[in-house]
Protein chains: 2
Amino acid sequence: MSEQYKMLGDKSRLTILASLKVRELCVYDLVDILGISQPGVSQHLRKLKAAGLVTETRKGQWVYYSLTLEDKPHIKAALEFAPSMQQQVEQLKNDCCQ
Amino acid sequence: MSEQYKMLGDKSRLTILASLKVRELCVYDLVDILGISQPGVSQHLRKLKAAGLVTETRKGQWVYYSLTLEDKPHIKAALEFAPSMQQQVEQLKNDCCQ
DNA sequence: TTGACATATAATCAAATAATTATATGATAA
DNA sequence: TTATCATATAATTATTTGATTATATGTCAA
C-alpha cells in the first residue's frame, strides 16, 4: 500500500494521474503537460504501470494510458483531492495523437 | 501535496501514522512497533513534523507524538484505508512511557 | 550531582530515485 | 522499403533516502 502512495509522492506522477483522470492520454500529451523529457515520462508511466495504477492501449502509432483504479479506492480517494488538470488537458495541441 | 503523500510512501511512516490514529505514542512505543532503531524512528518523526502531519508534546522525560490532520482531509482519507494498528498499539508493553 | 533513561542530532553509507542523452524498437505513410 | 514519428530502453549521473552507529541533550530520581 505504501508502494502505491509512493507513486503519488512524486509531483510528476501525481500530475500524470490527475491528468489521466480527465481522459486517457498518449505519452507526448504528458510530455507537453509535465515539461520533462519523453523518456522521463515513459519511466514514470512504467512505474505507474508496475504499481497497477495505469494501463496502456496502443492505437496505431500512439500508446494511450488510462487509470485502472476500480480496485484501489484509496488512490481514487486521494486523487479526489488533487488539483484538477481539466484546463491543461483541454488546452493540449489538437495535432498531437489523433 | 505530493510532499505529504511522499510521507505515506514509506512503510515505516505509514505505520507510524496508522499507529498514531489509535492514540498518541512516545518514541519507544514506535520503536517497539516498527522494529527499527530509535534514531531511525526519530528521523521519520522529524520528517512527519516538518510535513505538518504530527506534533509533539513533552510529558516528563517522554515525548508524545500525535496526528495533526484537521486541515488535511486528503491524508485523513488516505489513513482511513490503512490497516488498523489497534491490536499492536494495545499490546504495547505497559511499562513503557507511563 | 550523579546515574539512568528517553530522545535528538551528527556522521556515515548503501541503495533508490529522477532526470538526462543516446539509441533501439515499432508503426505508419510516402 | 525507407523516412518519419511515437515510444521504450539503456546507460549515466547527481541527488535523495532510509538505515545504522556514535554521541549529545534533556529529564528525572536516588
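Chain identifiers are assigned alphabetically (A, B, ...) following the order of the sequence lines, protein sequences preceding nucleic acid strands; residue numbering begins at 1 within each chain. Note that the structure is predicted; figures quoted are calculated from it, not measured.
Between the CG atom of Asp29(A) and the C1' atom of dT7(D) there is a distance of 13 Å, rounded to whole Å. Atom OH in Tyr64(A) sits about 8 Å away from atom P in dT7(D), given to the nearest Å. For the pair Leu34(A) CG and dT20(C) P, the computed distance is 11 Å after rounding to whole Å. Atom CD1 in Ile36(B) sits roughly 5 Å away from atom P in dA19(D) (whole-Å rounding). Between the P atom of dG3(C) and the CD atom of Gln61(B) lies a distance of 17 Å, rounded to the nearest Å.
Annotation: proximity of residues 1-10 of chain A to DNA chain C (heavy atom, distance under 4.0 Å) is found for Lys6(A), Asp10(A), numbered in ascending order. If you check residues 11-25 of chain A against DNA chain C, the residues with a heavy atom closer than 4.0 Å are Ser12(A), Arg13(A), listed by number.
No side-chain heavy atom of Arg13(B) sits under 4.5 Å from any side-chain heavy atom of Leu8(B). Using a 4.5 Å heavy-atom threshold, the side chains of His74(A) and Tyr5(A) count as touching. Inter-residue side-chain proximity for Lys72(A) and Thr68(A) is flagged as met; some heavy-atom pair is nearer than 4.5 Å. Leu25(B) has its side chain within reach of Leu92(B): a pair of non-hydrogen atoms, C-beta onward, lies under 4.5 Å apart.
Considering every non-hydrogen atom in both Ser42(A) and Val27(A), the closest pair reads OG-CG1, 4.1 Å. Closest of all the heavy-atom pairs between Val89(A) and Ser19(A) is CG2-O, 3.9 Å. Across all non-hydrogen atoms, the minimal contact from Met1(B) to Pro83(A) is SD-CD, 4.0 Å. Taking each heavy atom of Val31(A) and Gln38(A) in turn, the nearest pair found is CG2-CA, 3.6 Å. Of all the heavy atoms in Gly9(A) and Lys6(B), the pair that sits closest is O-CE, 2.9 Å. Taking every heavy atom of both residues into account, Lys21(B) and Glu80(B) meet most closely at NZ-CA, 3.8 Å.
For the OP1/OP2 pair of dA19(C) and a distance below 4.0 Å, the side-chain nitrogens and oxygens of His44(A) include at least one atom meeting the criterion. One finds no side-chain N or O of Ser37(A) lying less than 4.0 angstrom from the OP1 or OP2 phosphate oxygen of dA19(C). Dashed line: the shortest gap from a side-chain N or O of Lys59(B) to OP1 or OP2 of dT27(D) is not under 4.0 Å.
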Please list each protein N or O that sits under 3.5 Å from an N or O in nucleotides 8-10 of chain D, with the distance.
| from | atom 1 | to | atom 2 | distance (Å) |
| --- | --- | --- | --- | --- |
| dA8(D) | OP1 | Tyr65(A) | OH | 2.5 |
| dA8(D) | OP2 | Ser42(A) | OG | 2.8 |
| dA8(D) | N7 | Gln38(A) | NE2 | 2.7 |
| dA8(D) | N6 | Gln38(A) | OE1 | 3.2 |

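Taking for each of Gly60(A) and Val41(A) the nucleotide of DNA chain C with the nearest heavy atom, the 5'-most of the two is the partner of Val41(A).
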Going through the distances and angles, do Lys59(B) and Glu24(B) end up as a salt bridge (Lys or Arg N to Asp or Glu O under 4.0 Å)?
-> CA-CA 12 Å; Lys59(B) 296 186 184 177; Glu24(B) 61 174 11; 2.6 Å; yes

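Minimum atom distance to the side chain of Lys47(A) is reached by dA18(C), of the listed dT20(C), dA18(C), dA6(C).
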